[in-house]
Structure formats: structure tokens, C-alpha cells
Amino acid sequence: QVQLVESGGDLVQAGGSLRLSCAASGSTSIINYMRWYRQAPGKQRWWVATISRGENANYADSVKGRFTISRDNTKNTVYLHMDSLKPEDTAVYYCNADLTIGDSNYWGQGTQVTVSS
């Protein structure tokens, strides 16, 4: 019912910035929470940030103060603006969405962020 497509991943030097986007399509009117996760090679997927439909945001301690999650409900898009990037931020970043009804949960295919030292 919902499709998610991430974009914006790139190679960037430490200290640089990137903005990731996640465009949702399908039954977007019932999307509630949206989240960003990341997964480094050989490691499990780890939660980064969450934003509610009312735009209340929460962050993992590792990114708090550096990353900002936002959403545009009209455009059905969630963003992750990343500042002061570190090599430890290198990962594939995934978008995730929960719905207001039902038990469905959706994932995008991911976008690669590489931070060089």
C-alpha cells in the first residue's frame, strides 16, 4: 500500500553535510510515524530518528544535535538533514513508515552515505 524511495546519499568529507529525502507513494494519507535507520557493512540496522505526523522528533544519541528530521505531509516526503558528518556515519540509510491503521510497516531500498576521513 505504501512505497518509499530514498535519495540524496553521496560521498562527502568529514565535517560536511547532506540532505536525504524519502518520497512516499500509495496510501500516504494513513502514514503516521516515519523513521530513518542506517546499516553499516556487517552490522545490524540501527534506528537514527523518528518523526510523527504532528512533526514531533526524536533522535539517537549518536546523531542528536547534528541531524534533523523533518517532513512535508503535503509532499509525502520525509527528510534527514545531516551536518558535521563523521566517518562513523557511513552506512546505507533506510526510510521506514508506520500507518495510522492496520499493522503494516514499510521500508525503502536505502541510499548510501559515505563519509571520508
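At least one side-chain heavy atom of Asn105 sits less than 4.5 Å from a side-chain heavy atom of Asn96. When side chains are defined from C-beta on, Leu18 counts as touching Val113, because their heavy atoms get closer than 4.5 Å. Taking 4.5 Å as the limit, some side-chain heavy atom of Ile51 sits within range of a side-chain heavy atom of Val78.
Residue-environment remark: CH2 (Trp47) exceeds the threshold of 12 foreign heavy atoms within 6.0 Å. The environment of Gln1 atom CD is sparse: at most 12 non-hydrogen atoms of other residues, nucleotides or ligands sit within 6.0 angstrom.
With hydrogens and angles ignored, the 3.5 Å screen pairs no side-chain donor or acceptor of Asp10 with any backbone N or O of Val12. Of the possible donor and acceptor atoms, none in the side chain of Thr114 sits under 3.5 Å from a partner among the backbone N and O of Thr90.
Under the 4.5 Å side-chain contact rule for hydrophobic residues, Leu4 and Ile30 share a cluster.
The ring pair (Phe, Tyr, Trp, His ring centres under 6.0 Å) analysis of residues 84-117, with sequence neighbours excluded, yields the pairs Tyr37-Trp107. Within the structure, disulfide (SG to SG under 2.5 Å) pairs that include any residue of residues 1-114 comprise Cys22-Cys95 (at least two apart or interchain). Sorted by first then second residue, the side-chain hydrogen bond (donor to acceptor under 3.5 Å, both in side chains) pairs that include residues 17-27, not counting sequence neighbours, are Gln3-Ser25, Ser17-Asp83. Evaluation of the salt bridge (charged side-chain N to carboxylate O under 4.0 Å, His left out) test over residues 84-113, restricted to residues two or more places apart or in two chains, returns Arg35-Asp98, Arg38-Asp89, Arg66-Asp89. Pairs of residues two or more places apart, or lying in two chains, never qualify as salt bridge (charged side-chain N to carboxylate O under 4.0 Å, His left out) while including a residue from residues 107-117.
With rounding to the nearest 0.5 angstrom, the CG atom of Leu80 is 5.0 Å from the CG atom of Leu20. Rounding to the nearest 0.5 Å gives a distance of 11.0 Å between OG1 of Thr68 and CE of Met82. Atom OH of residue Tyr33 and atom OG1 of residue Thr50 lie 9.0 Å apart, to the nearest 0.5 angstrom.
Shown here for Gln112 and Ala91, the closest heavy-atom pair between the two residues is NE2-O, 3.4 Å. Closest heavy-atom contact between Ser117 and Ala14: CA-CB, 4.5 Å.
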Which donor-acceptor pairs under 3.5 Å do the side chains of residues 52-63 make with protein atoms, sequence neighbours left out?
{"from": "Ser52", "atom 1": "OG", "to": "Gly54", "atom 2": "N", "distance (Å)": "3.3"}
{"from": "Ser52", "atom 1": "OG", "to": "Glu55", "atom 2": "N", "distance (Å)": "3.3"}
{"from": "Ser52", "atom 1": "OG", "to": "Asn56", "atom 2": "N", "distance (Å)": "3.1"}
{"from": "Arg53", "atom 1": "NH1", "to": "Ile31", "atom 2": "O", "distance (Å)": "2.7"}
{"from": "Tyr59", "atom 1": "OH", "to": "Ile69", "atom 2": "N", "distance (Å)": "2.9"}

